[in-house]
Amino acid sequence: MPTESTFLLAGLFLLLVAAGWALGRFGERDEDQAAPPPPLNVDYLKGLNFLLNEQTDQALEHFLKMVRVDDRTIETHFALGSLFRRRGEVDRAIRIHQNIIARPDLAAEQRDQALFSLAKDYLHAGLLDRAEKLFVRLSQGSRYQVEALERLCRIYEQEREWQQAIEASQELEKLSGRSLALQVAHYYCELAEQAASQKNYAAARAFLKKAQSGRPRTVRGALARAEIAQATDDTKTALRLYQRIIEERTYLLIEALPRLVAIHEREGSLDQLERDLRAMLQKHPDMGTYVAYTAIVNDIGGIPVVDECVEQYLVDDPLLAEFVDLQRVRAGSEGDRQEALARIRSALNKLAATTPRYRCTECGFASQRLLWQCPSCKNWETQRPAARLTLDPLLQRTAAM
Ligand SMILES: [Zn+2]
């Protein structure tokens, strides 16, 4: 079966004929314009033969030899290169762009365009080192400076080279006039988390200070500071910070509550947590869903206010009501009730392990744990918790039974 590339190149050959290039404008024959053209160009027939035999690579090589890069053909070469890249045939795109760059008398602007296209090919092929080198070169002075820096940020993120990512972002801010404060703050948080994981808390705190210096700020800095406080037994600071985090971003209760429970359990002060949570729910009654969801997902139980939230959550779920008669469960003896609820919670906890907990509000990308940068759309802090368990798998399982 002829591939799309075969048709693409065949079309190109035909176009060249139509444009009159077959009649003496191929390759080395530029100088022979005065001579009468052959009725059918041999090079053209050779290329066509490759295509008829579905030898796309040979046809491409032949095309590149036949049609020299000059001012009239360069756009065709670029168009062909980007077409191949878009179709995922990166090797061919690379070959075409390298062929353009090899031309000795290429104008500076065209060289930059070819280098930029080649860098994009490398990026597409996952050859990050090669792409990085070219983007660095283009970022130092070309009309692709901004685009090159944007791509460099993505490469450094992938390579987890946070310091370089910061430098590229700052350069990009200067050139584009856009604020990238949130992105830079996250890079500093990454550095802080790396330092903290090596127990280098002084360095971690210094990075976090830098993360807090721009606007808008990320609450991730406070979360990292709370974790450091927790790791260094500064319970008072940790508790204060977790409290602040929940107030600033209610959805982060999902991250903060398990840590709060751990601290209060260790300190023997679960009654204090009970009071804090009741006060919070009085102020924000809608947060009961988050409390319940977090408790189910992390298997937190035995704290009266949390258990009440879970019970309410179960009663409020219309889908769950299809499976369990919760009114009957509630009407039963205290022992039976507790046992039935514990069984439902345990089933939901198992279900939670197989369903996504976070979803990106920009592109819908779903994941089990909180990701500060969405791996799909690359936006920062766009994930939000599901807050309700997806019961679809449960329904499907029941339907299959
Ligand atoms: Zn996304």
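All ligand and atom numbering here is 1-based and tracks the order in the structure.
For the side chain to side chain contact (heavy atoms under 4.5 Å, CB included) with Q373, the lone residue among E157, Q183, Q383, E190 that qualifies is E157.
The environment of R154 atom CZ is dense: over 12 non-hydrogen atoms of other residues, nucleotides or ligands sit within 6.0 angstrom. Residue K209 qualifies as open at atom NZ: its count of foreign heavy atoms under 6.0 Å is 12 or below.
For the pair Y188 and L208, the minimum side-chain heavy-atom distance is 4.5 Å or more. Side-chain contact between S333 and D336: present, with at least one pair of heavy atoms (C-beta onward) separated by less than 4.5 Å.
In this structure, CG in L260 is found 11.5 Å from CD in E265, a value given to the nearest 0.5 Å.
Shown here are the protein N/O/S atoms lying under 2.8 Å from the Zn ion (ligand 1), water excluded: C360 SG, C363 SG, C374 SG, C377 SG.
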